[in-house]
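Letters A, B, ... are given to chains in the order of the sequence lines, protein chains preceding strands, and every chain is numbered from 1.
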2 protein chains.
Amino acid sequence: MLNEDTKAMPRECGDCPIRHRAVCARCEADELERLDQIKYYRNFEAGQTVIWAGDKMDFVGSVVSGIATLTQAMEDGRTQMVGLLLPSDFVGRPGRVTAAYDVVATTDLVMCCFRKQPFEDMLNRTPHIAQRLLEMTLDELDAAREWMLVLGRKTAREKIASLLSIIARRDAALNMVGRTGPMVFDLPLTREAMADYLGLTLETVSRQISALKRDGVIVLEGKRHVTVPDFNRLLDEAGDDSDGGMLA
Amino acid sequence: MLNEDTKAMPRECGDCPIRHRAVCARCEADELERLDQIKYYRNFEAGQTVIWAGDKMDFVGSVVSGIATLTQAMEDGRTQMVGLLLPSDFVGRPGRVTAAYDVVATTDLVMCCFRKQPFEDMLNRTPHIAQRLLEMTLDELDAAREWMLVLGRKTAREKIASLLSIIARRDAALNMVGRTGPMVFDLPLTREAMADYLGLTLETVSRQISALKRDGVIVLEGKRHVTVPDFNRLLDEAGDDSDGGMLA
DNA sequence: CGCCGGGTTGAGCGTCCTCAAAGAATGTGG
DNA sequence: CCACATTCTTTGAGGACGCTCAACCCGGCG
């Protein structure tokens, strides 16, 4: 349990790519130094399971690069994704011993980890960490609630458009691309993973993507590379308030 | 905006019914006293809207008694409930100026409120409040994720059974009733509110409740009073792990 | 080359939605 | 006190959307 991972290159927190967004974002230099001392990196390959639901979880951590999913499964195999973990997102819950969900790396993944006990000690002694974690948790709660509307009330086509618009938006944010002109990105998920995210079957996902392509809402190059010529059109298809695009 | 509500009887925090569960749960006597000084009560009648999504929100607070709902609506009227607020639950987000969701009282409601600015000041100076709020937010996130599985993957019958089991469980917890014997409770929601919670139509809710009644899973007295003769049977209908009932 | 995982497309069916009517419970005004 | 409106609920008939099952395509890799 401690061997497959320590091959990650050590980094200075100072030039960490998620320095300004992760749970450590508000830390002062001295606080950061203490985190630096207890952190360690772990690498996971695409497809690898980070943790199984129900397993003892002796660490928490942040996604540094790559993408992971949080999923919940019923006994008969029905699966629902409940979280999409992107760089800077936090994994694990302070005060809980076992993992509540399966965490799976969908791409190669680097995580910045802390053993649970030392992290919780720091959390209690460092308001800057606690404040940031609260903020991030509230953001996740908002995202989860947004997703409840998608799952509960949107049609298959709207669901797909919603997912695409979210991926497009965050991709634009990540790459600091302006809001004008066509948006271009790669889908980080298989059709099946999208289906699990959206509460659909993979066939329906495939059909609706084909339909959006046929209707010119998106342009596909291969199966994963997407161009969105008119983002407002996509928002419209998603059933979202297209004018309220600037939601703080 | 300050008149319909100040009729609530003032209370001492010391004998507040949600003292040990709300955001103030971890406060020491002196901290509680300071909260006491900035708190005020507001009453709402059943059906009254507490806040509209998008409105400026100058207070936060806890539900003292009664039930409220958090809902999100699309322009065409489709509505999804994203939270059910029970006594001790917290309303409002520190650091945000406008409400993200509609908050509606479904029963007569008493809230213990704080103006936003004073509360945020206390939040920053009082780790006991921040810790408790983080814990509560993490719990809500878990509940939201649990609900995503219900919305995305369960059948109408399973959805109804899930909702009933949740209400039954929390009602038993509230009334300190043992886990043996039949469970009895009142539905705090209309069929339409249940539908909005479950991503169904009210007709489907009605039909599925009738079906569960016909099959003996529940016994109805009137439209709201429910008896569950065999709770494990209900969990089974919900598609939940019935043996893993003891989920810490 | 053949296999395998991921993806697309088609046909048929079932669950849940839509539209509609009517019953039950509560409150209001004449 | 009863007629009437209103709200909540139930039940029915028909139809649509998304699921199931199945075949096939495509690209990468041993």
Listed pairs under 3.5 Å, donor-acceptor, residues 105-113 of chain A side chains, sequence neighbours left out:
residue : atom : partner : partner atom : Å
A:T106  : OG1  : A:I67   : O            : 3.1
A:T107  : OG1  : A:I67   : N            : 2.8
A:D108  : OD1  : A:A46   : N            : 2.8

Mind calculating the distance between [atom1] ([X]) and [atom2] ([N]) to the nearest angstrom?
X      : N      : atom1 : atom2 : value
B:R191 : C:dC17 : CZ    : C1'   : 18 Å
A:H225 : C:dG7  : NE2   : C1'   : 18 Å
A:R224 : C:dG5  : CZ    : P     : 15 Å
B:E221 : C:dA25 : CD    : C1'   : 16 Å
A:L151 : D:dG18 : CG    : P     : 13 Å
B:L220 : D:dC8  : CG    : C1'   : 14 Å

message = If the threshold is 4.0 Å, N to carboxylate O, is there a salt bridge linking A:R207 and A:E203?
response = no
Which atoms of nucleotides 23-29 of chain D (N or O only) lie under 3.5 Å from a protein N or O atom, and what are those distances?
none

request  = Looking at every strand, decide which applies to A:G47 at a 4.0 Å heavy-atom threshold: base, sugar-phosphate, or nothing.
outcome  =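 Here A:G47 touches no strand at all.
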inquiry  = Tell me which pairs pass ring-ring contact (aromatic ring centres under 6.0 Å, His included) where either residue lies in residues 51-84 of chain B, with sequence neighbours left out.
reply    =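 Listed once each, the pairs would be none.
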A side-chain contact here means heavy atoms from C-beta on lying under 4.5 Å apart; do [X] and [Y] qualify?
X      : Y      : result
B:R169 : B:L235 : yes
B:M81  : B:L198 : no
A:S62  : A:I18  : yes

note = Within residues 202-216 of chain B, the residues having a heavy atom closer than 4.0 Å to DNA chain D are B:L202, B:E203, B:S206, B:R207, B:S210
Return a table of donor-acceptor pairs under 3.5 angstrom between the side chains of residues 138-156 of chain B and protein atoms on other chains or two or more places apart.
residue : atom : partner : partner atom : Å
B:D139  : OD1  : A:R93   : NH1          : 3.0
B:D139  : OD1  : A:R93   : NH2          : 2.9
B:E140  : OE1  : A:R145  : NH2          : 2.6
B:D142  : OD1  : A:Y101  : OH           : 3.2
B:D142  : OD2  : A:R93   : NH1          : 3.2
B:D142  : OD2  : A:R96   : NH1          : 3.0
B:D142  : OD2  : A:R96   : NH2          : 2.5
B:R145  : NE   : A:V82   : O            : 3.4
B:R145  : NH2  : A:E140  : OE1          : 2.6
B:E146  : OE1  : A:Q72   : NE2          : 3.0
B:W147  : NE1  : B:Y197  : O            : 3.0
B:R153  : NE   : A:T79   : O            : 2.7
B:R153  : NH1  : A:L200  : O            : 3.0
B:R153  : NH2  : A:A195  : O            : 3.0
B:R153  : NH2  : A:D196  : OD1          : 3.1
B:R153  : NH2  : A:L200  : O            : 3.0
B:K154  : NZ   : B:S162  : OG           : 3.0
B:K154  : NZ   : B:A238  : O            : 2.8
B:K154  : NZ   : B:D240  : OD1          : 2.9
B:T155  : OG1  : B:E158  : N            : 3.2
B:T155  : OG1  : B:E158  : OE1          : 3.4

request  = Ignoring the backbone of B:T201, work out which of C:dC17, D:dT9, C:dC16 is nearest its side chain.
outcome  = C:dC17
Minimum heavy-atom distance between A:A99 and A:I51, given as atom pair plus value =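 The answer is CB-CG2, 3.8 Å.
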key: Contact list for residues 182-194 of chain B, test side chain to side chain donor-acceptor pair (under 3.5 Å), sequence neighbours left out   =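 Counting only pairs at least two positions apart or across chains, the side chain to side chain donor-acceptor pair (under 3.5 Å) contacts touching residues 182-194 of chain B are B:D186-B:H225.
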